[in-house]
2 protein chains.
Amino acid sequence: MAKEVSLFIDFLKTKGLKLTKQREYILDVFLATERHLSVEDLYNIVKKKDSSIGQATVFRTLKLLCEADIAQEVDLGDKRIRYEHKYGHGHHDHLVYIKCGKFIEVVDTGIERLQDKLCKRVGFLPKRHKMDIFGTCKQCQKKKR
Amino acid sequence: MAKEVSLFIDFLKTKGLKLTKQREYILDVFLATERHLSVEDLYNIVKKKDSSIGQATVFRTLKLLCEADIAQEVDLGDKRIRYEHKYGHGHHDHLVYIKCGKFIEVVDTGIERLQDKLCKRVGFLPKRHKMDIFGTCKQCQKKKR
DNA sequence: TTTGATATTGAAATTCAATATCATCTATTA
DNA sequence: TAATAGATGATATTGAATTTCAATATCAAA
C-alpha cells in the first residue's frame, strides 16, 4: 500500500471521516497519474472504470487530499485549478512544455538563494513563491506548432 | 498626452477601429491607477465618473489594451484576471504583499541568468516565465493579520 | 449637411468551472 | 434492529469571463 493511502486513512480518522471505496479509488487513480489534473480530467479517468462515481465526489476528494497534504493545487495559468502530487515532493518550480503539455519539477538552490536575498534587500518577508517557466522541449521544438 | 494614448490611437487605426470617448476614458483611468486591477475593479472606478459606461466595454477595452501592448494580464493566483501596465515596463517579476495587497515589480539579473542556465541544462527552450513571491512587508509584519 | 457602411455600445444572456444543496444511501454503533 | 452520522450523486447555484443583440455612434464620401 502506498504511503499516501495510509496517510489518507489517518487523516480521515482524525477528522472523523470515513474511507469509502470511492475515496480510495479516486486516490488510487490520482496517484497513478503523473500529470497536472483538473477535477474534470480526474473525473474522466475515474468514470471509465466506475461510471457510478460522480464529479462532486471527485471534487470533494481532491479537496480532502489537499487538506491531507497528499495533493496540492497548481495554477498554470490556464484558468483551471489543477492538482499535483504533494507527498514526497518538496517545494519545486515547474518547467511547463507548452506544446506537449508535459512538465518537469525543478529546484534550483541558486535561484532559491537569490530569491531570499532579493527579499531581504527590500525588507520583504516571503511566505511562498511560485516560478513557472513555459517553453518547449527538444521534441516539440521540431514541430510547427 | 501620455505616450500610451498615441500608441493606442495608432493601434486602433491599424486595426480599423475607432477611438471613442469611452475607450479614451477607460485608458485614462487605467493609466492613472497603479494597481493590479480586475475588470470589475476598473469598472467600479470608471463608473464613478461616468455611470453610463458598461462593464462589457471595460472588459473589451482591456483586451484591446493588451493587444496593443499597453496592458497585460497578471495572474496573482486569486482566481481573477488582473491587468497591469505593460508599456514602459520591461519584463519583471512581482513581490506581492499578501496583507496590504500592494506589490512591487522586480528584476534580478542573477535569477534570470540562473533560469536560463537551468533551461539549457535540461534542453528546454523558455518562451516566458513568471515568478511571484508572496509575503509581507515591514508594516504588515507588525499586524496580527 | 446627409448618407451609408461599419464599428461600438450597454444590458442582458450565456458559458463554464467551481462549489453548494439536498434527498437518498451506507456504514457503524448502541 | 434502529439510530445516527457521514457520504454520495444528481442537480442547482454561483461568479467571473465572454458573447449576443438591438440601438447608437462614427466618419468618409457624396
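Lettering of chains follows the sequences in order, A, B, ..., and the numbering in each one begins at 1.
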NA contact type, A/Lys15, heavy-atom cut-off 4.0 Å: base, sugar-phosphate, or nothing?
nothing

Expressed in angstrom and rounded to an integer, what is the separation of B/Phe59 atom CZ from C/dT9 atom P?
13 Å

Rounded to whole angstrom units, what separation is found between the CG atom of B/Asp75 and the P atom of D/dA16?
15 Å

Expressed as a whole number of angstroms, how long is the span from B/Gln55:CD to D/dG15:P?
14 Å

Let's see if you can work this out: which of D/dG9, C/dA17, C/dA12 has an atom nearest to the side-chain heavy atoms of A/Ile53?
D/dG9

Grab the CG-C1' distance between A/Asp41 and C/dA17 for me, whole Å please.
12 Å

Can you name the atoms? Protein N/O to nucleotides 23-30 of chain D N/O, anything below 3.5 Å, with the distance.
residue	atom	partner	partner atom	Å
D/dT26	OP1	B/Lys21	NZ	3.3
D/dT26	O2	B/Lys18	NZ	3.1

Take atom CG of A/Leu64 and atom C1' of D/dT8, then tell me their distance rounded to the nearest Å.
13 Å

Among D/dG9, C/dA11, C/dA17, the nucleotide that comes nearest once only the side chain of A/Glu40 is considered:
C/dA17

Between atom NZ in B/Lys79 and atom P in D/dT14, what is the gap in whole Å?
19 Å

Any chance you could lay out the side chain to side chain contact (heavy atoms under 4.5 Å, CB included) test for B/Leu42 and B/Val29, step after step, and finish with the verdict?
CA-CA 8 Å; B/Leu42 185 54; B/Val29 174; 3.7 Å; yes

To the side chain of A/Ala56, which of D/dT18, D/dA10, C/dT8 is closest?
D/dA10

Residue pair B/Leu65 / B/Phe30, side-chain heavy-atom distance below 4.5 Å
yes

So, does B/Arg60 get its side chain near the phosphate of D/dA17, meaning an N or O under 4.0 Å from OP1 or OP2?
no

Separation of D/dA16 atom P from B/Leu42 atom CG, nearest Å, is 15 Å

Quick one: do A/Phe124 and B/Ile104 end up in the same hydrophobic cluster if we chain Ile, Leu, Val, Met, Phe, Trp and Tyr together by side-chain heavy atoms under 4.5 Å apart?
yes

Within the 4.5 Å heavy-atom criterion, are B/Ile133 and A/Cys119 side-chain neighbours or not?
yes

Check every strand shown and say whether B/Ser52 touches a base, only sugar-phosphate, or nothing at a heavy-atom separation below 4.0 Å.
sugar-phosphate

Nearest-nucleotide check on DNA chain C, B/Ser51 vs B/Arg23; residue mapping nearer the 5' end is B/Arg23

Do B/Tyr25 and B/Val46 come close enough that some side-chain heavy atom pair is under 4.5 Å?
yes

I need the B/Leu118 CG to B/His129 NE2 distance, nearest 0.5 Å.
11.5 Å

Within this structure, what is the NZ-to-P distance between B/Lys63 and D/dA17, rounded to whole angstrom?
8 Å

Residue pairs involving residues 72-84 of chain B (criterion side chain to side chain donor-acceptor pair (under 3.5 Å); sequence neighbours excluded):
B/His36-B/Glu84, B/Ser38-B/Arg80, B/Glu40-B/Arg80, B/Asp41-B/Arg82, B/Lys63-B/Glu73, B/Gln72-B/Glu84, B/Asp75-B/Lys130, B/Asp78-B/Arg82, B/Glu84-B/His92, B/Glu84-B/His94

